[in-house]
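To start, I am sharing the structure in question, which I have written as C-alpha cells.
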Amino acid sequence: MTSQTKRAVIVGQGYVGLPVAMRAVDAGYQVVGLDVDDRRIDGLRNGESYVDDITSETLNAALQSGRYLPTKDYAEAAGFDVAVITVPTPLSEGIPDLTFIEDSARSLSAHLSKGATVILESTTYPGTTEELLIPLLEQGSGLTAGEDFFVGYSPERIDPGNKTWNFQNTPKVVSGIDAASLERVQAFYDDLVERTVPVSGTKEAELTKLLENTFRHVNIALVNELAIFGHQLGVDVWESIEAASSKPFGYMKFTPGPGVGGHCLPVDPSYLSWQVRRKLGQSFRFVELANDINDHMPDYVAQRLMVLLNRAGKALNGSRIVLVGLSYKRNTGDIRESPSLRLIDVLRELGAVIVGVDDRVEPHRWPAGVEQAPYTAETIASADAVVLVTDHEEFDLNLLAESPVPVLDTKNRVTGPSIERL
Ligand SMILES: NC(=O)c1ccc[n+]([C@@H]2O[C@H](COP(=O)([O-])OP(=O)(O)OC[C@H]3O[C@@H](n4cnc5c(N)ncnc54)[C@H](O)[C@@H]3O)[C@@H](O)[C@H]2O)c1
C-alpha cells in the first residue's frame with residue numbers, strides 16, 4: 001500500500017486535530033475526522049471552519065477531494081493505518097482530567113487492527129502514553145502493543161495566528177514505545193511536515209511539550225512581576241525589555257500582559273507539577289510561582305484601572321468599561337481560559353458595566369452579561385475607561401491614541417495623552 005491510499009483517523013477535530021487532518025488530506029491520506037461534538041461535525045460537513053488557521057476554502061477543498069470525512073461515528077475508523085488522538089486535556093479543579101483520552105482510546109480500540117499505529121498528540125504528563133493509553137487500547141482490542149500494533153507520542157506545536165511558523169514548517173518531535181513504533185510514527189509525520197525530530201521514548205516527547213510551555217509560562221511570569229515592580233519603582237520596564245532584547249545571545253524577549261490564556265500556558269505546567277507531586281511528593285516551585293503571578297495579572301489590571309478612574313474622580317462601581325480584544329491571543333478568536341474572563345469577573349464584582357469589542361470570538365462563546373460593541377470611536381467615547389486586552393491586527397490603534405477617555409494599554413502598543421501602560 002502506498003502513502004497515497006493510507007487511512008488516517010484524526011480523533012478530535014479541534015484547534016489541533018483539524019490542521020493535522022487537513023495536512024494529511026493534502027499529503028494524500030484518506031482521512032476520517034472524528035469528533036463527538038455535533039455542532040463541530042455539522043459545521044465541518046458544511047465547509048465551515050472555526051479554526052483560525054484553517055480557511056473555509058482549505059476545508060472545502062478537502063471535502064471535495066473525497067478524502068476527508070468528518071464524522072461522529074467511530075465505526076468509520078475501521079481499518080485505519082494511523083490514528084492520531086488530539087482530544088482535550090484540561091484541568092478539573094486543578095487536577096489533570098484525562099477522561100477525554102480515556103474515552104477516545106476506548107472507542108478507538110474497538111477498531112484497532114494488527115499493524116496499525118496509534119499516536120497521542122494531546123498535551124499530558126510524562127508516562128501517559130505507556131501507563132494510560134496502551135492498557136486501554138490493549139483491553140479494547142485484545143492486541144498487544146509493540147507486537148501487534150505500534151504506539152507513539154508526538155507533541156503539537158501549533159501557534160494559532162502565527163503567519164511564519166505553521167504546522168508544516170515547524171519541526172515535529174516524534175517518539176515511539178520501541179524502534180519499530182518510532183519508525184512508523186516518524187514516517188507518518190515525514191509525510192506531513194518538513195522536519196521530524198526523533199527522541200528515544202514517549203516520556204521524553206511528553207516532557208518536551210511541557211518543558212516548552214513551562215519555559216514560556218515562567219518567563220512571562222518573570223516579566224509580569226517585573227512590570228508590577230517597575231511601575232511602583234517608576235522605571236519604564238518596557239524600555240528595559242526592548243533594550244535587553246538587543247543582546248544577540250543569552251536573552252529571549254518576553255513581554256508583560258494581562259495574564260496568560262488559551263489551552264496551553266494556564267494548563268500544561270500544572271500537568272507537570274501534578275506529576276512531580278504525585279510521583280515524587282515534591283512541589284515544582286517554578287510552576288507554582290509562575291501560576292501565582294500569571295493568575296493574578298487580571299486582578300492587577302483591575303487595580304490599575306481603579307487608579308486610572310480615581311484620577312478622573314470616578315469609581316469602578318457604575319463605570320462603563322470597554323475591553324478591546326477578549327481572546328487570549330492576538331489574531332485568534334480563542335477565548336478559552338482568556339485572562340479577559342477573569343478580568344470581566346473582577347470588574348463585574350466591583351460593579352462595572354462591561355462592554356467587549358472582539359468580532360473574532362465565536363458567538364456561542366461570548367461571555368454572558370457582556371455587551372458587544374463594534375470597534376469605533378463612538379464605542380470608545382462612550383466608555384469611562386478602556387482596556388486594550390488583546391491587540392488584534394484589525395484594530396486601528398489611532399482610535400485609542402486619540403481616545404477622549406483614559407486607556408489602559410496592557411500590551412504597550414499605543415502612545416497618546418490618554419494612554420497609561422501596564
Ligand atoms: N490549541 C492549541 O494551540 C494547542 C497547542 C498544542 C497542544 N494542544 C493540545 O492538544 C489537545 C487538543 O487541544 P485543542 O485545542 O485541539 O482542543 P479542542 O477542544 O479545540 O478540540 C478537541 C476536540 O476533541 C473532541 N473530543 C473530545 N472527546 C472526544 C472523543 N472521545 N472522541 C472524539 N473527539 C473528542 C472535542 O469535541 C473537540 O472538538 C490538548 O491536549 C491541548 O492541550 C493544543
Side-chain angles (χ1 to χ4, degrees), residues 9-22 32-44 48-54 69-77 80 83-92 96-111 118-125 128-129 132-133 136-137 140 153-162 165-167 170 172-173 205-206 208-214 216-217 260-272 327-338 362 364-365:
V9 174
I10 315 299
V11 182
Q13 291 293 278
Y15 290 87
V16 168
L18 188 60
V20 177
M22 292 300 102
V32 174
L34 267 172
D35 206 293
V36 289
D37 184 331
D38 286 317
R39 189 173 36 212
R40 283 204 160 163
I41 290 300
D42 291 346
L44 290 171
E48 292 155 15
S49 169
Y50 44 81
V51 173
D52 299 297
D53 296 333
I54 300 295
L69 176 68
T71 180
K72 274 185 70 180
D73 184 2
Y74 266 89
E76 299 282 2
F80 69 83
V84 184
I85 299 176
T86 69
V87 295
T89 42
L91 292 172
S92 290
D97 176 359
L98 297 161
T99 50
F100 297 96
I101 295 184
E102 289 166 1
D103 290 348
S104 57
R106 279 191 201 100
S107 306
L108 194 64
S109 65
H111 306 284
V118 179
I119 305 163
L120 182 62
E121 277 211 20
S122 301
T123 305
T124 183
Y125 61 81
T128 309
T129 305
L132 183 89
L133 179 65
L136 290 170
L137 293 174
Y153 181 86
S154 177
E156 184 47 63
R157 279 175 166 166
I158 225 152
D159 184 19
N162 191 325
W165 296 104
N166 53 41
F167 179 77
T170 304
K172 194 131 179 43
V173 172
E206 289 160 336
T208 302
K209 174 72 190 176
L210 297 182
L211 168 61
E212 290 167 8
N213 281 348
T214 302
R216 212 175 143 64
H217 191 49
V260 295
H263 204 306
C264 293
L265 297 195
V267 177
D268 301 353
S270 299
Y271 266 70
L272 189 51
S327 65
Y328 84 94
K329 190 169 193 269
R330 178 178 157 82
N331 297 347
T332 83
D334 193 350
I335 197 169
R336 292 175 301 172
E337 316 281 340
S338 174
E362 288 177 281
H364 70 275
R365 290 192 191 261

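Side chains are part of it too, since the values below use all heavy atoms of this structure and drop only hydrogens, waters and symmetry mates. Quick caveat: nothing in here was measured; it's all calculated off a predicted structure. One-based numbering, in listed order, for ligands and for the atoms of each.
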CD-CG distance between Glu102 and Leu133, expressed to the nearest 0.5 angstrom: 10.5 Å
Can you check which of Tyr74, Phe100, Tyr50, Tyr271 brings a heavy atom nearest to atom 33 (C) of ligand 1?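 The option holding the nearest heavy atom is Tyr74.
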Ser109 OG to Tyr74 OH distance, which is reported to the nearest 0.5 Å: 9.5 Å
Among protein heavy atoms, which lies nearest atom 8 (N) of ligand 1, and at what distance? Val16 CG2, 3.5 Å
Applying side-chain contact (heavy atoms from CB on, under 4.5 Å), run through Thr208 and Arg157 and close with a yes or a no. CA-CA 11 Å; Thr208 302; Arg157 279 175 166 166; 4.3 Å; yes
Nearest 0.5 angstrom please: Leu98 CG to Leu132 CG, how far? 5.5 Å
Pro160: numbered ligand 1 atoms lying under 4.0 Å from its heavy atoms: 3 (O)
Closest to atom 11 (C) of ligand 1 among Leu108, Val87, Asp268 (heavy-atom distance): Val87
Does a side-chain N-to-carboxylate-O contact under 4.0 Å join Arg39 and Glu362?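 Not counted as a salt bridge, because no side-chain N and carboxylate O are separated by less than 4.0 Å.
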Closest protein heavy atom to atom 41 (O) of ligand 1, given as residue, atom name and distance to 0.1 Å: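 The closest one turns out to be Thr89 OG1, 2.5 Å.
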Considering non-hydrogen atoms of the protein only, which is the closest contact for atom 1 (N) of ligand 1, and what is the distance?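 Sorting protein heavy atoms by distance from atom 1 (N) of ligand 1 puts Tyr15 CB, 3.5 Å first.
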Should one rank Leu18, Val51, Asp37, Asp35 by closest heavy-atom distance to atom 39 (O) of ligand 1, which comes out on top? Asp35
Taking 4.0 Å as the limit for heavy-atom contacts, which would you say applies to Glu156 with ligand 1: side chain only, backbone only, both, or neither? both
Per-atom contacts of ligand 1 with Val11, taking only distances under 4.0 Å to non-hydrogen atoms: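 Counting from 1, the qualifying ligand atoms are 32 (N), 33 (C).
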Can you report which non-hydrogen protein atom sits closest to atom 43 (O) of ligand 1, along with the distance? His263 ND1, 3.2 Å
Side chain, backbone, both or neither: Cys264 near ligand 1, heavy atoms under 4.0 Å: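 Only the side chain of Cys264 comes within reach of ligand 1.
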Does the residue Arg157 have a heavy-atom contact with ligand 1, meaning some pair of atoms that are separated by less than 4.0 Å?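 Contact absent.
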By the definition side chain to side chain donor-acceptor pair (under 3.5 Å), identify the one residue from Asp35, Asp37, Asp38 that meets it with Lys72.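 When side chain to side chain donor-acceptor pair (under 3.5 Å) is applied between Lys72 and each of Asp35, Asp37, Asp38, only Asp38 qualifies.
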I need the contact type for Lys209 against ligand 1. Using non-hydrogen atoms and a strict under-4.0 Å cut-off, is it side chain, backbone, both or neither? side chain
Residue and atom name of the nearest protein heavy atom (relative to atom 17 (O) of ligand 1), distance in Å to one decimal: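 Going atom by atom, the protein heavy atom closest to atom 17 (O) of ligand 1 ends up being Arg336 NH1, 3.5 Å.
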Would you kindly specify which portion of Lys329 sits under 4.0 Å from ligand 1, judged on non-hydrogen atoms: side chain, backbone, both or neither?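 Looking at Lys329 and ligand 1, no heavy atom falls under 4.0 Å.
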At under 4.0 Å between heavy atoms, which part of Thr86 makes contact with ligand 1: side chain, backbone, both or neither?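 The backbone, only.
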CZ on Arg336 to CZ on Arg365, rounded to 0.5 Å: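 It is 6.0 Å, given to the nearest 0.5 Å.
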Hey, are Thr129 and Glu206 close enough side-chain-wise for a donor-acceptor pair under 3.5 Å?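 Indeed, the side chains of Glu206 and Thr129 share at least one donor-acceptor pair under 3.5 Å.
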With backbone taken as N, CA, C and O and side chain as the heavy atoms from C-beta onward, which portion of Ser107 lies under 4.0 Å from ligand 1: side chain, backbone, both, or neither? neither
Which atoms of ligand 1 sit under 4.0 Å from any heavy atom of Gly12?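 Counting from 1, the qualifying ligand atoms are 23 (C), 24 (O), 25 (C), 34 (N).
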From the candidates Val20, Asp53, Ile158, Thr71, the one that places a heavy atom nearest atom 2 (C) of ligand 1: Ile158
So, Asp97 versus Thr99: side-chain donor-acceptor pair below 3.5 Å or not?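 Distance-only check passes for Asp97 and Thr99.
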What are the two closest non-hydrogen atoms of Val173 and Pro155, and how far apart are they? O-CD, 3.3 Å
If I compare all heavy atoms of Pro269 with all of His217, which pair ends up nearest, and what's the gap?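 So the two residues come closest at CG-CD2, 3.6 Å.
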Report the distance from atom NZ of Lys329 to atom CG of Leu265, rounding to the nearest 0.5 Å.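 Here the rounded value is 9.5 Å.
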For ligand 1, which atoms have a heavy atom of Pro88 less than 4.0 angstrom away? 19 (O), 22 (C), 24 (O), 27 (C)
Just need the protein heavy atom nearest to atom 21 (O) of ligand 1, so name the residue and atom and give the distance. Gly14 CA, 3.2 Å
Nearest-contact summary for atom 7 (C) of ligand 1 - protein heavy atom, Å: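 Atom 7 (C) of ligand 1 sits closest to the protein heavy atom Thr123 OG1, 3.3 Å.
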Can you tell me how far CG of Leu34 sits from CG of Asp73, rounded to the nearest 0.5 angstrom?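 Between Asp73 CG and Leu34 CG, I get 8.0 Å after rounding to 0.5 Å.
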